[in-house]
Amino acid sequence: MPLKLYNTLTRHKESFEPLEPGKVRMYCCGVTVYDYCHLGHARSYIVWDTVRRYLQWRGYDVRYVQNFTDIDDKILNRARQEGSTMQEVAERYTQSYFEDMARLNILEADAYPRATHTLDGIKRLIHELEQKGYAYPAEGDVYYTVRNFPEYGRLSGRRLEDMKAGASGRVEADPEAQKKQDPSDFALWKAAKPGEPAWESPWGEGRPGWHIECSAMVREAFRTPDGTLADTIDIHVGGADLVFPHHENEIAQSEAVTGKPLAQYWLHNGMVNVGGEKMSKSLGNFTTIRQLLDAPDAPDPMALRLFVLQAQYRKPIDFTEEAIASAKNSWETLQDGLLFGYQYGKQLGWTDTDDSSFGNPEYMRIPSESEAIQRFQESMDDDFNTPGAIAILFELAKALQKEGNLLIHQGEASTDAQTIREQWQTLVCLAQVLGLEAKPSAELQQADSPTDAEIEDMIQQRQEARKAKNFAESDRIRDELKAKGIILVDQPGGITTWHRS
RNA sequence: GGCGGCAUGGCCAAGUGGUAAGGCAGGGGACUGCAAAUCCCUUACCCCCAGUUCGAAUCUGGGUGCCGCCUCCA
């Protein structure tokens with residue numbers, strides 16, 4: 001069964017065939033570093049991180065590259081506001097990006113090209129476009145001649161004529177409009193105004209337009225071993241709001257020069273909505289990742305990850321209190337399953353629970369033909385159907401939950417230890433493919449935690465109170481132990497068992 | 001106005017021709033002094049209308065509603 005993915009370019013699910021067998025070249029459009037990332041960013045990068053992990057799990061050697069846009073009007077404005085520099089602002093939010101993503105268990109890319117480090121490549125590309133007749137200078141700016149690229153609009157499924165109506169009105173207010181030969185043309189290079197950061201170029205001091213950096217970065221980041229610039233990569237991803245004009249323009253820039261497709265597959269993630277509306281900076285309805293995760297009663301970052309992956313990546317998701325609350329509870333269930341081995345492994349007679357490799361998926365050998373894994377792969381192969389994949393995780397987690405409960409309450413499981421072990425390891429391995437991981441908390445033995453003997457003693461006292469039908473006293477003892485993390489379970493026959501919560 | 005997408009139980013969400021996965025939240029029962037925990041059971045004809053078919057949530061046409069893009073945007 002092949003992996004299928006929905007290609008925005010064709011608007012169909014297609015079988016995935018990398019250019020080079022076994023290898024995947026994947027580029028993700030990153031952030032403009034002028035503010036903290038919000039939940040929209042979180043979704044996008046969780047989704048693409050998951051896609052990357054899955055491709056790797058499928059055996060592909062993936063090169064994953066994601067850029068930082070560190071030259072931009074918005075960064076500049078921010079710097080002006082706070083009397084800082086573009087570089088300083090960009091650096092700060094680049095760092096905050098890494099911090100936020102690490103919390104969400106998003107793996108680092110293989111390379112993080114930045115606009116400020118790509119100036120040579122950008123200028124070379126603009127020069128080539130100029131030579132081939134796709135670009136023209138105008139008063140220090142350089143624009144792309146959209147009319148000369150017949151394929152323009154193919155990715156976003158629109159024609160130039162159709163866009164005119166909506167674009168008028170706005171375009172006329174745009175000061176750049178005077179310099180453009182056509183309203184659809186877009187800037188490749190912008191002349192610097194006095195006091196703005198600027199780079200030398202054949203067209204005068206200035207800075208690159210937004211779209212050109214990605215075209216230049218893809219060429220350089222995926223060079224062949226002999227140093228030849230890359231023409232085509234396998235997968236290009238980003239938010240659905242980048243389809244037009246950003247990705248459309250990237251295609252126009254790159255393909256006009258190379259004559260080859262920029263990417264074989266274009267994948268786009270759906271938006272995060274708030275009250276049915278897109279979460280965005282301009283609407284002001286955004287919540288930053290750190291706001292959510294640092295709030296009192298904040299969800300575990302994995303709960304946020306779960307919230308995102310519980311919807312298929314192309315569909316919009318609504319960010320609500322209720323949804324997060326639900327995700328928190330869901331994560332509890334999954335987390336208990338992931339920690340099962342740490343909690344019950346010894347009791348089941350597993351001999352390796354103290355090994356340093358215990359719980360590490362890399363050391364787990366699970367039967368790849370198992371039903372759970374087959375179904376997991378089937379779901380994920382269908383355009384990364386993470387909700388379907390997560391359902392399998394829950395089935396495993398619930399089965400383990402049941403066994404754990406039986407172990408606590410009856411002292412033995414209903415299945416043999418080896419089968420349970422396989423279930424647990426399967427769960428841990430598959431969850432890791434989705435980036436969902438639970439780490440055993442380092443035995444936070446509270447200082448006031450009573451010893452086993454003390455607990456037994458108190459249970460004995462409570463037993464006597466119960467015999468005397470002094471239930472107020474027996475309940476008091478039970479509550480006292482509960483406050484110390486000891487849960488009592490009264491069994492039929494007057495036996496009381498206990499465990500630490 | 002143009003282009004595209006979505007509409008499944010209280011909430012979220014899979015399923016794309018054979019009579020509805022999963023999560024969250026509920027309900028009932030067993031057990032219990034009570035509770036907790038545990039165990040068992042349980043909740044949908046898939047927006048509307050018409051059509052194709054032996055059979056449609058699933059295909060076709062029409063309608064309604066919501067959303068995204070067309071301006072910076074993940």
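On a predicted model such as this, the values are computed, not experimentally measured, just so you know.
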Who are the salt bridge (Lys or Arg N to Asp or Glu O under 4.0 Å) partners of A:Arg58, not counting sequence neighbours? A:Asp381

Measure from the side-chain heavy atoms of A:Lys402 and tell me the nearest of B:C39, B:A74, B:C24. B:C39

Under the ring pair (Phe, Tyr, Trp, His ring centres under 6.0 Å) test, residues paired with A:Phe471 that sit two or more places apart: none

Can you give the donor-acceptor pairs under 3.5 Å from side chains of residues 400-409 of chain A to other protein atoms, not counting sequence neighbours?
unit_1   : atom_1 : unit_2   : atom_2 : d
A:Glu403 : OE1    : A:Ser414 : N      : 2.8
A:Glu403 : OE1    : A:Ser414 : OG     : 3.3
A:Glu403 : OE2    : A:Ser414 : OG     : 2.7
A:Glu403 : OE2    : A:Thr415 : OG1    : 2.8
A:Asn405 : ND2    : A:Gln401 : O      : 3.1

If a pair satisfies side-chain hydrogen bond (donor to acceptor under 3.5 Å, both in side chains) and one of its residues is in residues 270-284 of chain A, list it, with sequence neighbours excluded. A:Asp241-A:Lys278, A:Ser280-A:Ser282

Residue pairs involving residues 67-79 of chain A (criterion salt bridge (Lys or Arg N to Asp or Glu O under 4.0 Å); sequence neighbours excluded): A:Asp35-A:Arg78, A:Asp72-A:Lys74, A:Asp73-A:Lys190, A:Asp73-A:Arg207, A:Arg78-A:Glu82

Residues 265-272 of chain A side chain polar contacts: donor-acceptor under 3.5 Å, at least two apart:
unit_1   : atom_1 : unit_2   : atom_2 : d
A:Tyr265 : OH     : A:Ser15  : O      : 3.0
A:Tyr265 : OH     : A:Glu17  : N      : 3.0
A:His268 : ND1    : A:Thr8   : OG1    : 2.7
A:His268 : NE2    : A:His247 : ND1    : 2.7
A:Asn269 : OD1    : A:Ser44  : OG     : 2.9
A:Asn269 : OD1    : A:Trp48  : NE1    : 3.1
A:Asn269 : OD1    : A:Gly239 : N      : 3.3

Checking A:Tyr45 now: which residues fulfil ring pair (Phe, Tyr, Trp, His ring centres under 6.0 Å) with it, not counting sequence neighbours? A:Tyr97

Got a sec? Which of residues 100-112 of chain A come in under 4.0 Å of RNA chain B, heavy atoms? none

Could you give the distance separating B:A20 and B:U60 at their P atoms, to the nearest angstrom? 22 Å

NZ/A:Lys4: more than 12 non-hydrogen atoms of other groups inside 6.0 Å: no

If pairs are Watson-Crick or G-U with both distances under 3.5 Å, what is the dot-bracket string of RNA chain B, marking crossing pairs with [ ] and pairs to another strand with |? ((((((((.[[[..)..(...]]].(((((.......)))))....[[[[[..)....]]]]])))))))....

Is the charged tip of A:Arg11 near the ring of A:Tyr6: under 6.0 Å from the six-membered ring centre and within 45° of its axis? no

Between protein and nucleotides 6-16 of chain B, map the contacts as a letter string: B base, S sugar-phosphate only, - none, heavy atoms under 4.0 Å, written 5' to 3'. SS---S-SSS-

Which nucleotide sits closest to the side chain of A:Arg11: B:C69, B:G4, B:C39? B:G4

Any side-chain N or O of A:Lys278 below 4.0 angstrom from OP1/OP2 of B:C72? no

Is the distance from OP1 or OP2 of B:C24 to the nearest side-chain N or O of A:Lys398 less than 4.0 Å? yes

Strand-adjacent residues in residues 455-477 of chain A, judged by heavy atoms under 4.0 Å from RNA chain B: A:Arg462, A:Arg466, A:Phe471, A:Ser474, A:Asp475

Applied to residues 300-316 of chain A, the salt bridge (Lys or Arg N to Asp or Glu O under 4.0 Å) test, sequence neighbours excluded, yields A:Asp49-A:Arg305, A:Arg314-A:Asp383

